[in-house]
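Notes follow the structure.
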Amino acid sequence: MPIDIDIAHVARLARLALDSDELERYRTQLGVILEHAARVQEIDTAGVEPTSHPLGFTNAFRSDEVAPSLDRDEVLAAAPDARDGYFVVPPALDQR
Amino acid sequence: MSHADLTILEAGAKLRAGELTSVQLVEDVLERAALTEAELHCYLHIDHGGARATAVAADRELRDGFDRGPLHGIPVAVKDNFCTRGIPTTCSSQILAGYRPPYDATAVARLRDAGAVLVGKTNLDEFAMGSSTENSAFGPSRNPWDPERVPGGSSGGSAAAVAVGSALGGFGSDTGGSIRQPASLTGVVGVKPTYGLVSRYGLVAFASSLDQIGPLARTVGDAVVLLSAVAGHDPSDATSYRGEVPDFGSELTLGVEGVRIGIVREFSGEGYEPAVAAAVADMVARLEEEGAKATELSLPTMALSLSAYYLIAPAECSANLARFDGVRYGLRVEGETVEEMMGRTRAEGFGPEVTRRILLGTYALSAGYYDAFYGQAQKVRTLVLEDFARAYSQVDVLVTPTSPTTAFRLGAKTQDPLSMYLSDVCTIPSNLAGHPAVSVPVGLDDSGLPIGFQVMAPALGEATMFRVAAEVERLAGFTSRPGLVAA
Amino acid sequence: MSWESVIGIETHVELSTQSKMFCGCAVGFGAEPNTSVCPVCLGLPGALPVPNERAIESIALIGLALNCEVARNSVFHRKNYFYADLPKNYQISQYDLPVCKDGWLEIEANGERRRVRIERAHMEEDTGKSIHTGEGGRIHTAGSTLLDFNRSGVPLVEVVSRPDLPDARTARAYAQQLRDLVGELGVSDARMEEGSIRFDANVSVRPEGQDALGTKVEIKNMNSFRSLEAAIDFEIARQIGVIEAGGELIQETRHWDEEAGVTQGMRTKEGSSDYRYFAEPDLVPLAIGPEQVAALRTSLPETPSQRHDRYVGMGLSSQAASVMSASEPAMRRLFEGAVEARAPAAAAASWVSGEVTALLRRTERSLESSGISSEGLAALVAMVDSGQVSSSAAKEVLAAMQPGDQDPQALAERLDLLQISDSSALAAQVAEVVAANADARERYRAGETKVLGFLVGQVMKATGGKADPAVVSRLLVEQLS
Ligand SMILES: [Mg+2]
Ligand SMILES: [Zn+2]
């Protein structure tokens, strides 16, 4: 059963600026993969709990203690753009 | 003979006997890399200076009577998705080209504490997504047994480096078979431990509930040494196992007398190369001769594992890789707005396989599709766990081929993502269950390509898994070396 | 047509832990930008979150104070959306299994008590801060955004009320009393000006009597209780205006513009939002067991409404109890201590809320530096009661109290403020005044009783104001009849 994919919407959610050729190519490929993946729907899972993790334990915590932070110069040196101790990015759409 | 061809245990004995220094060992390994890298491209970055300096320090410590244990002075390679402080860590992606992390992964820190010499960072499929190491933004790695063929993936660089001797041991990450499948294709031992045994802190995440760090080695004994150095609770990883770490090597010499071995019926038939199937069947027969009790079992949900995996792993990856946005590190492609900048950065920075999986995962989680895809895949995961539980009530370990085929040619599967995904069909179930599994080389096919034999065990069943693996290794007597070294 | 408004409040409470929610970076207000950051809160590749145990205790405490069910099984989820100040481009939050759910907060609003149901309280992490800079003075340069990640990863508790608030004043009262509660619990600074507690309002209107809710609009960016009230009032009026003009409301998020006094729609986001929540695979579930809940419950302070009821039980009117239970802790301790020292509750409360408060404000002193103690106050109340001092003289005694010198008896003597209320001591003076004012005496006997006041005044004058007027009055009546 072919699967309907609004690939432009999916790419927008994933913040991937793809052109229309790329979108079309990915839509086709995803269709093939999803058709295979859709086999998970063939098995009866009524009453089956989902597993999101193979681990069986709970409550992994740390105590509320301060640990050293990173050196700011080292942190900002990795940034594509930085100024006055801040990371700098272009304005947001709703800020323009 | 170059010292690069020693096993870790052999080299360690020579180091302690004063017959070898870590500096000599590292020089031999660097020389091997110099001879083979142009053809194989195992490494993305070789840290010549750092490796030599560590070797000098290791020799001094040993002279002073300070012995850090079996990895002291041993050159090892780590996959380039392990964070290494000040050393480039790219995950084979343009989006991280030139990135140097400000911290070491826990596994890397433990290797340093164990006295290991970090040779460099090995090639991988971008963000560990792939089964051939062809999806690297910096060019593919090649198989030392036949450079026209892939070394498998995604830890193909580490596997090939260990196989060819440009490291004595290596580390990779295994999300759906990424250690075991390249181990199989390059004729080395590859281990995926129980989920949580090795800290994931500092391993650049692909799919958090499946990712696990593990070793690649030339022998089972070496693999045990490497794994022991990095395993154990880490307070920086909330999913890290909190109990006592099992003694992985405690059963290595026990043989298989009385061990119950399950043969999984679902991992045979169409798609399995006859040479692979025959090698596995032959090894099972030999294990039986040694006193193991073999039973054929059916685990019906194995067939659905691949489908579930290709929903769960992309879903997690779609969130894990969202942080690569051009804001704080890595590539930025400029734009008028921050939204445009992020969209362009990600579209240009990620290669096609990563983009495909991000889209797949985003779709599987999105409103209206979650229940049918991601939610359903999680339920299948439950059924896979139940299937394993039933099997392990009857047998101690399960055995399968590691991969349905031996190494394939470069480009053979790049145009067909699904056929590439199918090469992980035998390895994926252990990741879904969080169980340990190991691939051991058992022979060569007619083209002289290695065949891997997989031993799977229940959670924390490493000791028994290695017990069987050691016997498989002994029975196979696999001592062949890749043509590139042998020549 | 007449309309009714329906309001729900979403509150974000920044917890005042030492370290952040998932890493060891210090939580602090006003540090230099990007100095309290690490691989985890910057979303560096490979970093993993580990939850702060204290934060989990804090949310459980908030949940218990809000009469919520504290879940035995609770799960973190990833909430996926791209925003420059959200380092991982997902927020670790909670979805269908929050730590706390189904509670209520009893509030006092417009002289009435009401229960506001709490839908849930969940644990999450804060984002960094964006500072939007201007055009930079150049044509075609669009300005830029500066990012500071010090706040990134600070633990946040989001408390979601049900739409139980009928108007802006009640919503404000809810917000203030919730603020007071978390402050009292000691889990947050709860300062609105510093953003350590933030309120968003969901506002809708519907024709009176209609069951179905109208279109919901979320309003944000209110940074005082006054602006919260004003923004809701504005939004209600705006919505009614739109509908009455035949327009249609859209479900949206609007920003409160403090200067203009209006709510404004935000530019619609690219496409619709779809957070793709899924269980956070880097974390394991939380399991807060019954023993832990019981232990936390014992450390729970009294809520203002529980305190109100306790004060009523001590003998205060509901009105006085409300005032006293909303007072500062030091004033409440003074009051409760005075009652323990046998002062009648009503009198003690009236002194504490009245003259003591006024005196401290007037003299800009704190209670500790004033020297006013519970015992001193109780003794003073007793002296007024027994007529030893007049109430105006008692105020002078109170003002004269100093640390180490707060015995009202001694002070009243020293200040010569003791009243003469001994009948035998006053009888002679009363007799003298009656004799000297024969005219007044006759008029009184003829039935003109109002001259009694004049006669009392004469006695007071003769005693230099120290006579107890009540005793004087009684003696006069006796002698005149
Ligand atoms: Mg929130
Ligand atoms: Zn931090």
Side-chain angles (χ1 to χ4, degrees), chain A residues 3 5-7 9-19 22-23 25-27 29-30 32-43 45-46 48-57 60-62 70-71 74-82 87-96, chain B residues 99-100 102 195-196 209 235 238-240 242 301 304 306-308 310-311 318 322 325-332 334-344 346-347 350 355-356 358-360 362-364 366 372-373 375-383 385 417-418 421 432-434 459:
Chain A
I3 288 163
I5 305 164
D6 182 353
I7 193 72
H9 173 65
V10 175
R12 213 162 28 239
L13 287 175
R15 269 290 188 281
L16 289 160
L18 302 172
D19 65 32
E22 291 169 319
L23 287 174
R25 194 167 66 241
Y26 284 118
R27 195 182 64 77
Q29 290 173 343
L30 255 58
V32 173
I33 299 165
L34 283 167
E35 237 175 286
H36 188 275
R39 288 187 194 169
V40 294
Q41 294 156 11
E42 289 166 8
I43 194 164
T45 55
V48 176
E49 285 295 312
T51 296
S52 58
H53 219 280
L55 291 172
F57 63 85
F61 297 126
R62 39 175 282 276
L70 289 171
D71 174 64
E74 189 178 2
V75 165
L76 293 180
D81 191 7
F87 293 89
V88 182
V89 293
L93 195 62
D94 53 13
Q95 229 63 48
R96 299 193 73 226
Chain B
Y99 175 67
R100 289 166 192 264
Y195 184 90
S209 77
T239 64
S240 160
R242 283 179 277 180
T301 59
L304 293 176
L306 188 70
S307 298
Y310 276 98
L311 294 167
S318 72
D325 60 3
V327 173
R328 288 144 293 129
Y329 46 80
L331 179 75
R332 173 182 294 186
E334 294 300 339
E336 290 287 302
T337 62
V338 69
E339 290 85 355
E340 201 174 270
M341 181 279 281
M342 287 182 179
R344 287 179 180 172
R346 291 167 58 77
F350 293 133
T355 303
R356 193 154 43 231
I358 291 173
L359 290 169
L360 188 55
T362 304
Y363 175 86
S366 63
F373 289 102
Q376 184 69 10
Q378 286 188 311
K379 292 179 180 172
V380 169
R381 194 171 184 179
T382 307
L383 297 175
L385 278 158
L418 200 56
Y421 298 172
L432 290 176

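Throughout, a chain's letter reflects where its sequence line sits, starting with A, and its residues are numbered from 1. The shown structure was predicted, so the numbers you read here are calculated from the model rather than taken from an experiment.
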Could you measure the distance from the CZ atom of A:Arg15 to the CD1 atom of B:Ile358? Nearest 0.5 Å is fine.
13.5 Å
So NE2 of A:His36 and CG of B:Leu306: to nearest 0.5 Å the spacing works out to 5.0 Å
All heavy atoms of A:Pro54 vs all of B:Ala433, minimum pair found to be CB-O, 3.5 Å
Which region of B:Leu359, side chain (C-beta onward) or backbone (N, CA, C, O), has a non-hydrogen atom less than 4.5 Å from a non-hydrogen atom of chain A, or is it both or neither?
both
Should B:Tyr329 and A:Val75 count as side-chain neighbours, where that means a heavy-atom distance under 4.5 Å?
no
Looking at B:Gly335, B:Gly196, B:Ala372, which one has more heavy-atom pairs under 4.5 Å with chain A than the rest?
B:Ala372
I'd like to check A:Ile7 versus B:Tyr363 (side-chain heavy atoms, cut-off strictly below 4.5 Å). Are they in contact?
no
Which pair of non-hydrogen atoms, one from B:Gln376 and one from A:Val40, has the smallest distance, and what is that distance?
NE2-O, 2.8 Å
Under 4.5 Å from any heavy atom of chain A, what part of B:Thr382 do you find: side chain, backbone, both or neither?
both
In the structure I gave you, are the side-chain heavy atoms of A:Phe57 and B:Arg242 within less than 4.5 Å of one another anywhere?
yes
Please flag which part of A:Leu16 lies under 4.5 Å from any non-hydrogen atom of chain B: side chain, backbone, both or neither.
both
Pair B:Tyr421-A:Ile33, side chain to side chain contact (heavy atoms under 4.5 Å, CB included): steps then yes or no:
CA-CA 10 Å; B:Tyr421 298 172; A:Ile33 299 165; 3.9 Å; yes
Chain A contact via B:Pro235 - side chain, backbone, both or neither, heavy atoms under 4.5 Å
neither
Apply the test side chain to side chain contact (heavy atoms under 4.5 Å, CB included) to residues B:Val338 and A:Leu93: give CA-CA distance (whole Å), side-chain angles for both, the deciding distance (0.1 Å), then the verdict.
CA-CA 7 Å; B:Val338 69; A:Leu93 195 62; over 6 Å; no
Any side-chain heavy-atom pair from B:Phe373 and A:Gln41 closer than 4.5 angstrom?
yes
Picking from B:Arg381, B:Arg344, B:Arg100, B:Gln378, which has the most non-hydrogen pairs under 4.5 angstrom with chain A?
B:Gln378
Which atom pair, heavy atoms only, marks the closest approach of A:Ser52 to B:Ser209?
O-CB, 3.6 Å
Does any backbone or side-chain atom of B:Leu360 lie under 4.5 Å from a heavy atom of chain A? Answer side chain, backbone, both or neither.
both
Part of B:Met341 lying under 4.5 Å from any heavy atom of chain A:
side chain
Chain A contact via B:Ala238 - which portion, at a heavy-atom distance below 4.5 Å
both
A:Thr51 and B:Leu432, any side-chain heavy atoms less than 4.5 Å apart:
no
Quick one: which of A:Ala79, A:Ala77, A:Ala17, A:Ala82 has the most heavy-atom pairs under 4.5 Å with chain B, could you say?
A:Ala17
Interface check, chain B: of A:Pro50, A:Ala60, A:Ala14, most non-hydrogen pairs under 4.5 Å belong to A:Pro50
Under 4.5 Å to a heavy atom of chain B? For A:Ala38 that would be both
If one checks every heavy atom of A:Leu76 against chain B at 4.5 Å, the contacting part turns out to be neither
What residue in A:Val88, A:Leu70, A:Val10, A:Ile5 has the most heavy-atom pairs under 4.5 Å with chain B?
A:Val10
State, yes or no, whether a side-chain contact exists between B:Arg332 and A:Asp81 at a heavy-atom distance under 4.5 Å.
yes
Flag the pair B:Tyr195 / A:His53 as yes when their ring centroid distance falls below 6.0 Å, and as no otherwise.
yes
Residue A:Arg39 versus chain B: region with a heavy atom under 4.5 Å:
both
The reported gap from CZ in A:Arg25 to OG1 in B:Thr355 (rounded to nearest 0.5 angstrom) is 9.5 Å
Side chain proximity check, A:Pro90 to B:Thr337, heavy atoms < 4.5 angstrom:
no
Structural part of A:Gln29 lying under 4.5 Å from a heavy atom of chain B
side chain
Closest heavy-atom contact between B:Glu339 and A:Pro91?
OE1-O, 4.3 Å
Is the closest side-chain heavy-atom distance between B:Lys379 and A:Ile43 below 4.5 Å?
no
Under 4.5 Å heavy-atom distance to chain A, tell me which part of B:Thr301 shows up: side chain, backbone, both or neither.
side chain
Let me confirm one number: the CD-CG distance from A:Glu49 to B:Leu385, rounded to the nearest 0.5 Å.
13.0 Å
